[in-house]
Structures are given as structure tokens and as C-alpha cells.
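Have a look at the structure below before the remarks.
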Amino acid sequence: MTEWRYWFSEQRGTLLAIGIFAAMFLIYATNHPAGFSVNMVQTAANKATLLAFVAMAQAIVVITAGIDLSIGMILTLTNCLASWIVVGTATETALGVIGVLGTGLACGMINGAIVIFGRLQPIVTTIATGAMYYGVALFLRPNPGGAVNETLADALTGRLLGVLPTSLVALAVAALAIWVPYSRSVVGRAAFATGSSEIAAYMSGAPIRAAKFTAYTLAGLLSAIGGLFLTFFSYTGEAAYASGNAYTLFSIAAVVLGGVSLMGGRGSAIGAIFGALAFRTIGDLLFVFDLDPLWQPLFQGLVLMLAVSIGAFGLVRVRNRLEWFG
Amino acid sequence: MSEATASRSVPRGIAMLRRLDPAVIASFGCIVLLLLLGSLYSRSFLSPEYLLQQLKVASFLGVIATGMMLVILLGQIDLSVPWVVTTGAMMACAAAAHGTAGAIVAIPFGILCGVAIGLVNGIGVAYLRIPSMIITLATNAVAQGLMVAYTGGFSPQDSASKAMRYLATGNAVPDLPNAVLVWIAIGAAAIWLLSRTTFGRAIYAIGNRERAAYLSGIDTRRVTMLAFALSGGLSAFGGVLLAGYASKAAQSMGDAYLLPSIAAVVLGGTHILGGRGSYLGTVAGVVLITLLQSILSVMQISEAGRQLIYGAVIILMLLIYGRQKD
């Protein structure tokens, strides 16, 4: 095999996600009542960016064969925090943004520390820490409200040079500044190795603990960026349990659509971003085709179910039945 | 089976004590500790009325946790609990609205809806080999979508049938709430199922090593599917009881039961990776969680503080005795 074939087989999931998104977006754009316009792209981009951030966060954890069910709650917590501190003068706002991102990092570090040093299962740990983060969010915002620096909010949800949605630029910057260096670093490669086979990674002397810890920490940071953007869109903070849970669920759906293996070791955050964009577009298709919004949760659930069932086709190719029980 | 041979030489009582998991003893110890702490706060914590009331509240969680335990023993997890509980409650109430015939089939109908969702989970996990965490999240989303589409996003107006209310709030035996009797019956059935039937032993075997169980001639896929169906049915039954208790169903009434049911099972000493655990431990876990919730609300701590303490206590208890063996 030539080198590009290796690259192709490694990136197959990501490329498939890009393909699905392109197809969905084409259907969406051509059937949109207002037609294809800069405004339409901006609105769609703003809605999808939030999901893309949490999808990146989830992808980074899932690659290490873990899972983070507290992502939606970190988003809710940082949203509530941002509605308090990202206000005032430029300096105050900047400090506020740093505070919000730091909180996300700290939440991720807590998850990572409990999973690694406490040796608890990621799933139980993150459900319990998620309850704690939600508690803090509720403490900060018992009732929806608050404000945000509107100049900054409008700048980050508007358009750059009149055509490019700023939120998409921010997403691209985050992907380039966080995912690309991470996935090429020793720790990032160790994360992939840990996800493929923890024992093999251990035997090869890969820094397993550092890899897992970094993964959970980055997931916290990316969720916090998502929470920040949620505040920029809504101008308020709200400790909503249901929407926090929905973001966790959608992040998993986006990761699956984005070709990241839930067994770990395969996939990329770029794929997860396109999975998120595709998932959001699928949800919006209902709106374009003028269906009752009440059917949206069911539709999204069915898409998720279909997406996770696709992986089952691999079973047909298994020669030895024992491989079913991996 | 060294324990069985050992029990012939030592007195029965001591043999029983030896067989008890340290985790079970620890959680019973925590119950006593909580009661003592509570009685320092208020004398009424040790009154029979209060304890019976707690047992009654615990029995709803107990029924749901029984299903969760079967699934966790397999080494899987059921995250579809929230909306299966709600579906069971809503469907039972919906059936009860259709005259006398509807009132008669209300309870079985609600449970059957749960079994149906559980079957989808089971088929996904056992035959399509989709990770249980993912497929149950997906069916949870689908169940939510179905219920939102059915109710129009509001709490349904149908109220619970007389039988449901009697089952949840009545007293067939003086001073002993029916809900507790229901839990005792289900608990006894679960103990019998787990310790005296081939199905129960197969669950433990699969939890230990599915390959080995398969090679010993167990139809592991059928057992896994049935366990998920049972879990769905029990969750829905929990929902039916809750609807009877509140005399109607409500949106997101099941949200409060996911973390507690997992925590109760794990705190009770059942290994989160499967294969090990006793029903007695689950009973202790359920009572422990219910007491903790009750004490936090009696002390008039805000919802925010309750979530925070609750999550922290669960992590702390798990760190003390629920750690994975490396």
C-alpha cells in the first residue's frame, strides 16, 4: 500500500462524516425557505458551533476508551459562571473569560484525577461529578438571568469581513490550537494507544496516565468554550438540567456520526466536529420541511439509534464467533 | 465453591458472615451512621413512622435498582432508566383513561411498554454488539421523543388508576405500606432468580467472562437480551408506582432515578464491571441513598447544595470501597 492509502484508511471515518454533512447541508440549503444566503449560514453556524465544541470534547475522551457524561453539566456550569463574570470593561471581561476557561479546566482535571488516581469507572465518576457541577451551576443561577459583555458576544457571533461567521472561525482556531498539537504530541499518541489497547500501551512505556489526564482536562476546557459561546448566544445564564443532559447526549451522537470508535483508539476531533454539524443539520431539516417541532426529539433519537447501529454491520464479517465477545 | 465446603465445618451463622461482602457490611454501617447523625439533628429520625415512610420512598428506587442490578451484573449498564420510568408511568395513566377495561390493563400495559424498550436495548447489546452505554442512551432519546410527541410537551392530564394508587399508597397489612410489600416481593423474586435459577447463574457467568460462558454452552445473547428486557420492565413498573404515588405522570419524572439507581447498586458492593454482587447489598445501597436524600432535604439544604453533597458523597463512598482492582 502506498502512503496515502494508510492515510485514507485512518481518516475514513472523518471523511465519511464530512460527506454526510455536505449531503445534509446541500439538502438543507436548497430547501431553506429564505434561500441560500450569508445570513442563513451565519445562523446555522452559530447553532452548530456549540455542539461542535462539546463533540470535540467528547471525542478526545472517547479516543482513550473512556467517556465523559459530565460534559453537558460543565457547559451548564460555565454558562452560569460566564453570565456573572464576563461583563464590564475590556480587562474585566478578559479576566472573566480566563476565569470561565479555568473553571472548565478544573472540572476536567477533577474528572481525570478521580478516574486515574481513584481508579473509578469513567461512567460512574462523570455521572456523579456531573451532579456536582450541576449543583454549583444551580448555586450560581437559581433563576435564569445575568448578562454578558455584548460587544464581545456580538463580535463572536457575527461575521468576519461581512461573509465568514466568526463562530466558525473560532471553532477552526480551537481545532488548530488544541486538537492538532495534541494529536501530534507524545501524550496525544499515547491517548490513541491507550484507547486501542491499554495493556499494549503500558508494555510499550506510553504515558497512559498523562494521556488520560490530558484528555479529560481538554474535554473540560472545550466544554467551557462551548459554555462561553452559549452565553454569547443567549446573553443569559441558566442552570437547566434537561438541556445539559441533551448536550451530553448530542455530543455522543456527534462523536458516533463523526466516525470516532466508541471502543477507543480510532477517530479524530475533526470528524466529531463534522458529525456535530451533520447532526445539527439533520435536526434543522425538520424545520425546513415544515414538520411539527414536537417530532424533533424523536427524530434526533432515531438518527442517533441508526448511527450507532451502523457499526453492527462489521459483525457479518466476523469469521470466529468468539470475536463477538471481544 | 470453596465457601460451600467451608460452611459444613463452621457454624452456619459465622459462615454466612464470612460470605458477606465487606462492601455490604460497610453500607449497612453507613446506614446506621446516617441514622445516628440524623437523630442528633432531630429525635424523630428514629421513630417508626419516619423509618416506614423512608422505606416506602425507598421501595420505588428499590424496584428500579433491581433491574439496574441485573444489567450491571452482566457488566453492562442501562442509561435508558429516566425515560423508561416516565414512559411506564405515562402509558399506564393513558391506558387508565380508557374506562374500566383500560383501568384493568393499565399496570400490565405500562410494564409491557418498558419491556418493549428493554428488548430493543437487549437486541442492540446482545445481537448487534452495540456498547450498552450508547444504545441505552439512544433508546432513552427515542422514548423521550415518543413521549414528547404523545403529550405535546406538557404533563398529561390522565390520572393514575385506583389500582395503581392502591399499590403505591395503600396499606393491605396495617401499618405496612403496599409499596414496601411490592419491593419485598420483587426482591424475593430477584434473590430466587439470581441464586436458584440457571438464568441467574448465567448472568453472573456472563459478567465474569462472556467468552467462557459462551463456550460452556450458555446462550449468552439470549440471557443478555432477557436481562435488559427485565430491567426495562422493572423501570417501567417503578414508573407505574411513582405515578400511583403522585396520582399522575409528569415530564422528566424519571430524571431523578438514573444516578441513584446506579449508585445504589454500586454502593451495595456490586462490581461495576459485572460478575460479582449480592441483592442484599443493593437493598442496603437503596436504603442508604434514600436516607441520604431525606436527611439532606430535612436539613433544608437548597437544591444546589443537595446535588453537590450528593455527588460528592457518592464519589467519596466509591473511593473508599468501590474501587476497581487493577
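In what follows, every chain begins at residue 1, and chains take the letters A, B, ... in the order their sequences are listed.
- Residues G118(A) and L319(B) come closest through the heavy atom pair CA-CD2, 3.5 Å.
- Across L308(B) and M132(A), no two heavy atoms sit closer than the pair CD1-O, 3.2 Å.
- The part of L215(B) that comes within reach of chain A is its side chain, from C-beta onward, which places non-hydrogen atoms under 4.5 angstrom from that chain.
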message: Let's go through L298(A) and V148(B) carefully: what are the C-alpha distance in whole Å and the side-chain angles of both, what is the deciding distance for side chain to side chain contact (heavy atoms under 4.5 Å, CB included) to 0.1 Å, and is it a yes or a no?
response: CA-CA 8 Å; L298(A) 179 61; V148(B) 168; over 6 Å; no

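- When I130(B), T139(B), L137(B), I134(B) are each tested for a side-chain contact (heavy atoms from CB on, under 4.5 Å) with M305(A), only one passes: T139(B).
- Of all heavy-atom pairs between A128(A) and I315(B), the closest is CB-CG1, 3.6 Å.
- Contact tally against chain B (heavy-atom pairs below 4.5 Å) for A246(A), A239(A), G301(A), A242(A): the top residue is G301(A).
- Taking I135(B), V313(B), D255(B) one by one and counting their heavy-atom pairs under 4.5 Å with chain A, the maximum is reached by D255(B).
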- request: Step by step, work out the side chain to side chain contact (heavy atoms under 4.5 Å, CB included) result for I262(B) and I123(A).
  value: CA-CA 10 Å; I262(B) 298 174; I123(A) 182 163; 5.9 Å; no

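- Counting non-hydrogen atoms of neighbouring residues, nucleotides and ligands closer than 6.0 angstrom, the CZ atom of R306(B) exceeds 12 such neighbours.
- Annotation: the span from Q144(B) atom CD to N245(A) atom CG amounts to 9.0 Å, rounded to 0.5 Å.
- Of the atoms belonging to Y241(A), it is side-chain heavy atoms, and not backbone ones, that fall under 4.5 Å from chain B.
- The greatest number of non-hydrogen atom pairs below 4.5 Å with chain A, out of A213(B), P131(B), S302(B), A138(B), is found for A138(B).
- Using a 4.5 Å cut-off between heavy atoms, M133(B) contacts chain A through its side chain alone, with no backbone atom that close.
- With a threshold of 4.5 angstrom between heavy atoms, L302(A) approaches chain B through its backbone and through its side chain.
- Across L259(B), L258(B), I314(B), the residue that shares the most heavy-atom pairs under 4.5 angstrom with chain A is L259(B).
- Residue contact with chain B, scored on non-hydrogen atoms closer than 4.5 Å, involves the side chain of V124(A) exclusively.
- Note that CD of Q307(B) is 8.0 Å distant from CE of M73(A), once rounded to the nearest 0.5 Å.
- In this structure, the portion of I252(A) lying under 4.5 Å from any heavy atom of chain B is its side chain and not its backbone.
- The heavy-atom pair separating A304(B) from F139(A) by the smallest distance is CB-N, 3.4 Å.
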message: Evaluate L79(B) against L69(A) for side chain to side chain contact (heavy atoms under 4.5 Å, CB included), listing each step before the verdict.
response: CA-CA 11 Å; L79(B) 298 181; L69(A) 296 180; 4.1 Å; yes

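- Contacts between I67(A) and chain B at a heavy-atom distance below 4.5 Å involve the side chain alone, from C-beta outward.
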